[in-house]
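Structure, as structure tokens:
Just so it is clear, the structure is predicted and the values come from calculations on it, not from any experiment. A note on names: the letters A, B, ... follow the listed sequences, proteins ahead of strands, and every chain is numbered from 1.
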Protein chains: 2
Amino acid sequence: MKSTACTDCPTAKVASLLSDMWTMLIVRDLIKQPMRFNELMESLEGISTRTLTLKLKRLESLSIINKRELRYQLTPSGTRLAPVIAEMEKYGKKYL
Amino acid sequence: MKSTACTDCPTAKVASLLSDMWTMLIVRDLIKQPMRFNELMESLEGISTRTLTLKLKRLESLSIINKRELRYQLTPSGTRLAPVIAEMEKYGKKYL
DNA sequence: CAGGATCCCGCGGGATACTG
DNA sequence: CAGTATCCCGCGGGATCCTG
């Protein structure tokens, strides 16, 4: 978003980074292990090839993931999102 | 989303709950203190009254927030999202 | 000030078909 | 298998005006 608040609020930056469901779930999957396009398609039930392609490209452009030999994996920067996902998982397990 | 994966994955449930930017930022704000409609409007620069209304209603219906005397505040359940937001903030501060 | 009601537009994203 | 290319539709969400 282009709200000025987003420019300097760290939370807003992350919110913007992860601001759609598929993106969060891709990161969730890649934390566990590198995965191929097709494996992601199976894990993310309901996603279209188009959307998966677009989400992966965006995450690549943000240096959250990279692709090597047809496998997508988190970059060091992306790996550091793990605690965020972990907290989401904790909350989901306990309260949803 | 209606992916079957979402039904049982705790992370996906939270992803679904927080799956848009404004919602995350509303929670971020209300963690600090209860706020009025107008205060939220000022904090969330760029949001429209329509969207703020809708997001607040959705969060109410999910029992993440409630309204008392024109002030919105987190419920106990909503308060427990604080660690998630905190991790987002940490990441944003360090790496973005 | 705290919203509700309308109008309207863009784009996110599914479905499908095709290619290397 | 790993995408790319189109087509097309819904709805998310801004702008604006109105009310208690």
Counting side-chain heavy atoms from CB outward, which of C/dG4, C/dA2, D/dC7 is closest to B/Asn38? C/dA2
Looking at every heavy atom in both A/Thr11 and B/Arg28, which two are closest together, and how far apart are they? CB-CD, 3.8 Å
With a 3.5 Å cut-off and no angle check, do the side chains of B/Thr51 and B/Ser48 form a donor-acceptor pair? yes
Listed nucleotide nearest any side-chain atom of A/Thr49, set C/dG4, D/dA5, D/dG14: D/dA5
Separation of D/dC1 P from A/Glu69 CD (nearest whole Å): 19 Å
What's the closest nucleotide to the A/Lys67 side chain, out of D/dG3, C/dG3, D/dG14? D/dG3
Picking from D/dG14, C/dA2, C/dA15, which would you name as closest to the side chain of B/Arg36? C/dA2
Could you tell me whether A/Thr53 contacts a base, only the sugar-phosphate backbone, or nothing, with contacts defined as non-hydrogen atoms closer than 4.0 Å? base
Length of the CH2-C1' vector between A/Trp22 and C/dC11, whole Å: 18 Å
Can you identify which nucleotide, out of C/dA2, D/dT4, D/dA15, has its nearest atom closest to the A/Lys57 side chain? D/dT4
Nearest whole Å is fine: how far is C/dA2 C1' from B/Glu39 CD? 12 Å
From the list C/dG13, D/dG13, C/dG4, which nucleotide is the closest neighbour of the side chain of B/Asp20? D/dG13
With a cut-off of less than 4.0 Å, is there a side-chain N or O of A/Lys55 near OP1 or OP2 of C/dG12? no
To the side chain of A/Arg50, which of C/dA17, C/dG13, D/dG13 is closest? C/dG13
How long is the straight-line distance from CD of B/Glu89 back to NZ of A/Lys13, given to the nearest 0.5 Å? 11.0 Å
For the residue pair A/Ser43 and A/Asp29, confirm or rule out a side-chain donor-acceptor distance under 3.5 Å. yes
Using a cut-off of less than 4.0 Å, is there contact between a side-chain N or O of B/Ser48 and OP1 or OP2 of D/dG14? yes
